[in-house]
Structure formats: C-alpha cells, structure tokens
*Asks:* 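Provided herewith is a single structure, encoded as structure tokens, for subsequent inquiry.
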Amino acid sequence: MTPLPELQALLDSIAEEVRPLAARGRVADYIPALAAVDPSRFGIALATVEGGVVGSGDWEARFSLQSVSKAFALAWVLARDGDALWTRVGREPSGNPFNSLVQLEFEHGIPRNPFINAGALVVVDRMLSHTGDATGTLLEILRQESGRADVDVDLDVASSEAAHGHRNAALAHFMASYGNLENDVDAVLDHYVRQCAVAMSCGELARAGLFLARHGVRADGSQLLTRSEAKRVNAILLTCGTYDAAGDFAYRVGLPGKSGVGGGILTVLPGRGCLVVWGPALDRAGNSVAGVEALDRFTTRTGWSVF
Ligand code: DON
C-alpha cells in the first residue's frame, strides 16, 4: 500500500482540481432541504483496510447519505434472506432513472434492482419484517462500522422529503398492488425516507464501508457478509449503483460504487479500502459531477480499479 502521506498529497491535489467542476452540475432540489446545501463544497476520504484514514477538503462535514444508504441496507438484508430476496427484486441494471415508474408496470411490480428507489423500498420492507425498525437497524450498522455513536437521521431532511415524496409513494403503492410489500406502505415509506436522511461525513462513511473491501468482515472482526456475498454486493454496486450512468461510471472509475442525491459516492477498492467523495452538484443521472471526476482521477493515477 502507498504510504499515507503520499495518498494525502494525492487527495489534496484532486480536491483542488475538481472543486470548480461544481459549476457544471445542479444541487438536487426535488427535496427542498437538499437545495439549501452549498454546491461548491467538496470532500474526499480514503479508509484503508490496514486502519488508516486520509481526507481532504470538506471530508469531515456531514452530508445527507440519500441513496448511499441503500448499499448498507442491501448488505444487511442479503445476509439474512440470501437468494430468497431475488424473488422480490431483480439484480439487473435498469437503464432508467432511479425513480422511474414505467419499468415497474412492465415488470409486474418487481423492481429491476435493489438500488433504484422501488427496489430499495422492497429492501426496507424486508428489514422491517425482520426487525420492526429498519432505521434503527441501519443506524446500528453505520454507528458500529464508523465508530461514531452520534451518527443519526437529519430530521429536517427526512420531513422535507416526506412532504414531497409523491413519486416514492406511488412506487410503493404500486408494488403493494402487486403484493410485493409485506408491511404497511406508510411505514415502509417512513423508514425509507429516514434511512436516506442519515447524515455522515466522507471519513465516517469510508470507515463504515470498509467491510465491503474486507470481503464482508466488520470492524469488530465478525462477518456481516460471507466472502461470496460481499462479491455479490460489490457486483450489484458496479452494475446498478449509479443508475442509468452505471456503464459510464464503470468506464471512467472502474470501481463498485453507490451514489446519492446528497452528492456522496461510496466506492469499494476490494482488499485495499473504501474511497468516498462528496460534492452536492449533480449531473443529470443524479451523480456528483465533481465526485465522479475525482474518482476517475484517483483510479487513473493510482491504477487501483477492479480492472
Ligand atoms: O428517494 C429519493 O428520491 C431520495 N431519497 C434518494 C434518491 C437518490 O439518492 C438517488 N441517487 N442518486
């Protein structure tokens, strides 16, 4: 592994280079609380499997995880449900926006994959069936893996999204009409919105995602996923984690990754570490403009991709 001071210098130069790219994107405004975030912020952090963490820019500032939370929820549910999960949700790239309704009707209420909103609602539904508290379960994983007990839901963001969540409500009711939700639709939506509204920094998130780089092994040495399951989650991150831009993301970055409309992207370097970026200005697919560029530069300069 490259020494940490060298990695620090690399992150510093990438942060400086990509920060101006925010001007090419737009902050998500369909969730009003996210529209208030300063688009020029940028952070990047790398946590290594050896235990080091380096970061640059706004890497210690907390931001809204949004869909990045879906990576952790899927890992938890796959560990419990195994292949049975795939009767409820597919695992193919959608090629459609993350909140699209059309595909769901063609495919009879079975979402294309667990990272589009409909698929994540199914995952939350399974978490609720298992524990009765999908948000609490997610927070427990994030707190334990990041080592930060104060990781929590930003209630302003959650209520802002809940008040404007007509599209997700439509997706959830539609799936319920096909019998593809086990729990009360409003409860599923409530937990989904709160999971999305968890706030963490790049550094915290990079530590939390390390189990995916350690082939399923958690911070305390226990196994969240088997090696084979960790492979599968990483594969779905690569093919579906950045929605209809997943092909372009794989081409440019070459890592499994999960984006969120808060501007965060979590990527996995299997066997090496977890690299997280945050830049709130998004491209048309809902991925951070400066974030994708930073990841592209990082893997191009280090050669650390999965390919
Ligand atoms: O459900 C939504 O629309 C948001 N809470 C999350 C969407 C999201 O982050 C998509 N990712 N790029």
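The figures that follow rest on heavy atoms only: side chains count, while hydrogens, waters and symmetry mates do not. First listed ligand is number 1; within each ligand, the first listed atom is number 1. Remember, predicted model here, so these are calculated numbers, not experimental data.
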*Asks:* Sequence neighbours excluded, which residues qualify as side chain to side chain donor-acceptor pair (under 3.5 Å) partners of T239?
*Replies:* none

*Asks:* Do the side chain of D29 and the main chain of A35 share a donor and acceptor less than 3.5 angstrom apart?
*Replies:* no

*Asks:* I need the minimum non-hydrogen distance between L128 and D133, along with the two atoms involved.
*Replies:* CD2-N, 4.1 Å

*Asks:* Just jot down the side-chain contact (heavy atoms from CB on, under 4.5 Å) partners of R80, sequence neighbours excluded, or say none.
*Replies:* W76, H130

*Asks:* For ligand 1, run through the N/O pairs with the protein that fall under 3.5 Å and put one pair on each line.
*Replies:*
| unit_1 | atom_1 | unit_2 | atom_2 | d |
| --- | --- | --- | --- | --- |
| ligand 1 | 1 (O) | N117 | ND2 | 3.0 |
| ligand 1 | 1 (O) | E161 | OE2 | 3.1 |
| ligand 1 | 1 (O) | N168 | ND2 | 2.8 |
| ligand 1 | 1 (O) | Y192 | OH | 2.5 |
| ligand 1 | 3 (O) | Y30 | OH | 2.5 |
| ligand 1 | 3 (O) | N117 | ND2 | 3.2 |
| ligand 1 | 5 (N) | Q66 | OE1 | 2.5 |
| ligand 1 | 5 (N) | E161 | OE1 | 2.8 |
| ligand 1 | 5 (N) | E161 | OE2 | 2.7 |
| ligand 1 | 9 (O) | S67 | N | 3.0 |
| ligand 1 | 9 (O) | S67 | OG | 2.6 |
| ligand 1 | 9 (O) | V261 | N | 2.8 |
| ligand 1 | 11 (N) | S67 | OG | 3.3 |
| ligand 1 | 12 (N) | G286 | O | 3.2 |

*Asks:* With a sphere of 6.0 Å drawn around OH of Y30, does it hold more than 12 non-hydrogen atoms of other residues, nucleotides or ligands?
*Replies:* yes

*Asks:* Among all residues two or more places apart in sequence or in another chain, which pass the ring pair (Phe, Tyr, Trp, His ring centres under 6.0 Å) test with Y178?
*Replies:* F174

